[in-house]
Amino acid sequence: METRRPPEYTLELSADRSSVKDVVKGVLHTIFFHRFFTPVHPQTHDVLDLTLPYLSEADIESLVETKATALVRALDTASTQQSPQYNPKAGRGTIAVQFLEKKRRKAGWFGVKGEEETVWENWIIEVTLSSARSESEAVRNRRTMEKSLQKAAMKIVTIVNKERNHIPPITTNETNPFPYQIVINPRSDGWGQKMGIF
């Protein structure tokens, strides 16, 4: 029996070096705000000229901060290793958010039972680092950043309001019924996707 692939939603962001961390954190908090199934106190924070939802949960804040910092380091490393004219991936990075469901594992060959986690939703955020050589380019880049951030935020809201049939039933009283993970620059050769890893 073939397993159904979880839905995957792709968001594209453009940001300059000074704003990339805030832009990525803003998008991650927006995703978690809409996919964290416990009561939350609504909060917001401003990124560029947009007000975005913010999830004030210590675990999520720490994870988002750590992964956004790791993405910035990966972008910096890719930029300094080779110039963009020789490396088309320089200044580009990906961060993936996965929401998981705990399922009871059936007894297999060795009679081992337990729980396994399977992905029920993927969010892929493609980040392109921009730079400016003049004041006019900086102004144009800022407008592009704001547009890409607004477009990503609106896409998240549209998706979470439309796409709900794939969300697994909540079968636990834990604070958050669905585990989650954030992966920096997941492999793109497809083997991880086939196995449900990313």
Side-chain angles (χ1 to χ4, degrees), residues 5-37 40 42-57 60-61 63-76 78-79 84 88-99 119-167 180-186 188 193 198:
R5 284 190 63 174
E8 185 173 287
Y9 308 111
T10 302
L11 306 169
E12 294 180 9
L13 295 174
S14 175
D16 63 21
R17 174 64 182 85
S18 65
S19 302
V20 68
K21 186 174 178 181
D22 289 334
V23 168
V24 168
K25 285 171 55 176
V27 169
L28 291 174
H29 273 284
T30 302
I31 292 169
F32 278 108
F33 183 83
H34 291 286
R35 285 297 190 235
F36 198 72
F37 293 102
V40 296
Q43 294 188 358
T44 61
H45 68 272
D46 294 332
V47 179
L48 301 174
D49 286 335
L50 296 171
T51 301
L52 298 172
Y54 183 81
L55 192 56
S56 182
E57 288 284 324
I60 291 178
E61 285 181 74
L63 180 65
V64 166
E65 179 70 28
T66 301
K67 295 300 183 171
T69 301
L71 179 66
V72 169
R73 269 196 305 261
L75 287 167
D76 285 346
S79 310
K89 291 193 174 194
R92 295 188 58 109
T94 303
I95 189 164
V97 180
Q98 298 178 318
F99 292 96
V119 177
W120 60 267
E121 185 173 82
N122 285 307
W123 291 86
I124 308 298
I125 305 163
E126 302 281 344
V127 181
T128 303
L129 205 55
S130 61
S131 61
R133 288 179 262 210
S134 67
E135 190 62 36
S136 61
E137 274 186 29
V139 169
R140 188 170 50 241
N141 284 351
R142 180 157 175 107
R143 273 184 282 190
T144 302
M145 282 190 296
E146 288 172 353
K147 260 188 215 174
S148 75
L149 181 57
Q150 182 177 26
K151 185 178 176 182
M154 292 306 296
K155 186 173 181 178
I156 293 167
V157 171
T158 301
I159 288 169
V160 299
N161 286 325
K162 240 170 132 176
E163 307 287 328
R164 294 185 279 215
N165 293 335
H166 66 282
I167 300 173
Y180 47 83
Q181 63 185 11
I182 300 176
V183 181
I184 305 297
N185 291 328
S188 60
Q193 290 179 340
F198 17 82

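Note that this is a predicted model, so its numbers are computed, not measured.
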Checking [X] side chain against [Y] main chain: does a donor-acceptor pair fall under 3.5 Å?
X      : Y      : result
His29  : Pro53  : no
Thr158 : Met154 : yes
Lys25  : Thr69  : no

From [X] atom [atom1] to [Y] atom [atom2], the distance as rounded to the nearest 0.5 Å:
X      : Y     : atom1 : atom2 : answer
Leu55  : Arg35 : CG    : CZ    : 13.5 Å
Lys155 : Thr30 : NZ    : OG1   : 14.5 Å
Leu11  : Ile95 : CG    : CD1   : 11.5 Å
Ile125 : Leu28 : CD1   : CG    : 4.5 Å
Ile184 : Leu71 : CD1   : CG    : 5.0 Å
Gln150 : Leu52 : CD    : CG    : 9.5 Å

Does the separation of the ring centres of Phe32 and Phe99 fall below 6.0 angstrom? yes
Residue pair [X] / [Y], side-chain heavy-atom distance below 4.5 Å:
X      : Y      : answer
Val23  : Val127 : no
Trp123 : Ile159 : yes
Asp76  : Arg17  : yes

Closest non-hydrogen atom pair between [X] and [Y], with its separation:
X      : Y      : value
Val20  : Ala15  : CA-CB, 3.6 Å
Val24  : Ala68  : CG1-CB, 4.3 Å
Ser14  : Met145 : O-CG, 3.0 Å
Phe33  : Tyr54  : CD1-O, 4.1 Å
Asp22  : Val47  : O-CG1, 3.7 Å
Ala152 : Leu13  : CB-CD2, 3.8 Å

Salt bridge (Lys or Arg N to Asp or Glu O under 4.0 Å) with [X]: which residues, sequence neighbours excluded?
X      : result
Arg140 : none
Lys67  : none
Lys21  : Glu65
Glu146 : Arg142

Restricting to side chain to side chain contact (heavy atoms under 4.5 Å, CB included), what partner residues turn up for Thr94, sequence neighbours left out? Ile124, Glu126, Asn185, Pro186
Report the residues that fulfil side chain to side chain contact (heavy atoms under 4.5 Å, CB included) with Ser134, sequence neighbours left out, ordered by chain and then residue number. Ser136, Glu137
